[in-house]
Amino acid sequence: MCVATHAEVVKRDKNGNVIQGETAWGEGTGFGGGNWAMKFNYCKQECTDEPQEETCYQEETAWVSGPRYVSQGNWATYTPYLGAAQSINIYAGQTILVGTADFSAPDGNDMVQISINLTSPWALQNVAEPVKIQAYSSVPPASNPAPGQFNTYKGSSLTVNVPNANFYGIHLDVAKEISCN
C-alpha cells in the first residue's frame, strides 16, 4: 500500500494558548512539485492470535548543535564548519544530549567525513532515512528547514562523506527503548 499521513500540530505555552502552528507529513518520498508532501510504502501484515511482546520507544528529533535557523518557533539548528576536524554535540528534544558528530578535515578531493556517534541507549529510528544532511556553501536559509528535502545525504549510514561546505544542517530521527508501563 502507499500511505500519506498529514497532521496539523500546535505548540502551546504554559497557559495552554496556541503560540505556533505547523503542518507535518509522515517521513517518506516526496510527491514532487512545489510542496513537501511525502508518501511511503506499507506492507499489510497478517494478524496472529499469539500475544506479541510489546517494545516501547521514546522517539525524538535530533539536530547537531549550532545556531538556530530561526529565532522563534522551530528549534532546528545548523552547524558552522571551520575547515578542520571538530566534534559537535547532538541534542534530541532540544536538551537531551544523545551523542556527537565528528567532522574530519577536508581530504584531497575536498570531501569531509561526518561520523555520527550516538550514546547508548540511543539509536537511529527504524525508518527509511533517519539521517538527513544539507550542506550550505553560504549562509543557511533564515527559514524553517524541511529535513525531508535535504539533498546532500539521506539514508541510514552513521558515517558519510560529503562535499566541503561552510555550514551543515544535520537532522536525525533517534529513539531509545523505554518501559511500556
Side-chain angles (χ1 to χ4, degrees), residues 1-47 52-79 89-99 101 116 118 121-136 140-158 160 167-181:
M1 286 187 269
C2 182
V3 179
T5 58
H6 180 263
E8 301 271 340
V9 295
V10 296
K11 181 177 182 180
R12 296 182 185 272
D13 65 15
K14 64 182 178 183
N15 298 320
N17 299 312
V18 174
I19 58 173
Q20 180 183 353
E22 299 282 339
T23 61
W25 284 93
E27 184 73 31
T29 304
F31 280 100
N35 62 48
W36 65 289
M38 292 184 236
K39 61 185 176 182
F40 55 92
N41 292 327
Y42 176 78
C43 294
K44 184 177 173 183
Q45 300 176 7
E46 294 295 319
C47 296
Q52 300 291 316
E53 185 175 317
E54 186 177 15
T55 304
C56 298
Y57 297 93
Q58 176 184 344
E59 296 180 341
E60 295 284 350
T61 295
W63 290 92
V64 175
S65 186
R68 290 172 57 163
Y69 284 86
V70 295
S71 61
Q72 292 184 336
N74 190 322
W75 69 277
T77 57
Y78 61 89
T79 302
N89 287 337
I90 302 170
Y91 291 96
Q94 298 187 43
T95 59
I96 305 165
L97 180 63
V98 298
I116 306 296
L118 296 174
W122 291 97
L124 294 177
Q125 289 182 26
N126 187 19
V127 297
E129 296 171 333
V131 178
K132 298 163 200 72
I133 300 174
Q134 181 63 54
Y136 303 103
S143 61
N144 287 331
Q149 300 298 311
F150 284 6
N151 60 20
T152 302
Y153 175 80
K154 288 196 296 189
S156 59
S157 179
L158 292 173
V160 298
F167 305 93
Y168 295 96
I170 303 175
H171 174 275
L172 306 170
D173 297 311
V174 297
K176 70 176 181 176
E177 194 171 326
I178 58 172
S179 171
C180 295
N181 299 333

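All values derive from a computational prediction rather than experimental measurement. All values below come from the heavy atoms of this structure, side chains included, with hydrogens, waters and symmetry mates left out.
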Of the non-hydrogen atoms in Thr77 and Arg68, which two are nearest, and what is the gap between them? CG2-CG, 3.9 Å
Measuring only between side-chain heavy atoms, which start at C-beta, is Gln58 closer than 4.5 Å to Ile96? yes
State, yes or no, whether a side-chain contact exists between Trp63 and Trp75 at a heavy-atom distance under 4.5 Å. yes
Using side-chain heavy atoms (C-beta onward) and a distance below 4.5 Å, is Pro140 in contact with Tyr168? no
dist Gln134:CD -> Gln149:CD (nearest 0.5 Å) comes out at 10.0 Å
Go through the steps for Val174 and Gln125 under the test side-chain contact (heavy atoms from CB on, under 4.5 Å), then give the verdict. CA-CA 5 Å; Val174 297; Gln125 289 182 26; 5.5 Å; no
Would you mind reporting whether Asp173 and His171 have side-chain heavy atoms less than 4.5 Å apart? yes
Does Lys154 reach the main-chain N or O of Ile133 with its side chain, forming a donor-acceptor pair under 3.5 Å? no
Heavy-atom count check: over 12 atoms from other residues, nucleotides or ligands less than 6.0 Å from Asn126 CG? no
For the student: nearest non-hydrogen atoms of Pro121 and Lys176, plus distance: O-CB, 3.6 Å
Interatomic distance, CD1@Ile170 vs CD1@Ile90, rounded to 0.5 Å, equals 7.5 Å
Can a donor-acceptor pair be found, under 3.5 Å and without considering hydrogens, that links the side chain of Glu177 to the backbone of Tyr57? no
Between Thr79 and Ser65, is there a donor-acceptor pair closer than 3.5 Å when you use the side chain of the first and the backbone of the second? yes
Trace of the side-chain contact (heavy atoms from CB on, under 4.5 Å) decision for Val160 with Ile116: CA-CA 9 Å; Val160 298; Ile116 306 296; over 6 Å; no
Between Tyr78 and Tyr69, is the ring centroid distance below 6.0 Å? yes
Do you know which two heavy atoms are closest between Val98 and Ala92, and how far apart they sit? CG1-CB, 3.7 Å
Any side-chain heavy-atom pair of Thr152 and Phe150 under 4.5 Å: no
Rounded distance (nearest 0.5 Å) linking atom CD of Glu60 with atom CH2 of Trp122: 5.0 Å
Ignoring hydrogens and geometry, is there a side-chain-to-backbone donor-acceptor pair from Ser156 to Val131 under 3.5 Å? no
Any chance you could lay out the side-chain contact (heavy atoms from CB on, under 4.5 Å) test for Leu172 and Thr61, step after step, and finish with the verdict? CA-CA 6 Å; Leu172 306 170; Thr61 295; over 6 Å; no
All heavy atoms of Ala76 vs all of Pro145, minimum pair found to be CB-CG, 3.7 Å
Say you draw a straight line from CG of Asn144 to CD of Gln72; how long is it, rounded to the nearest 0.5 Å? 11.0 Å
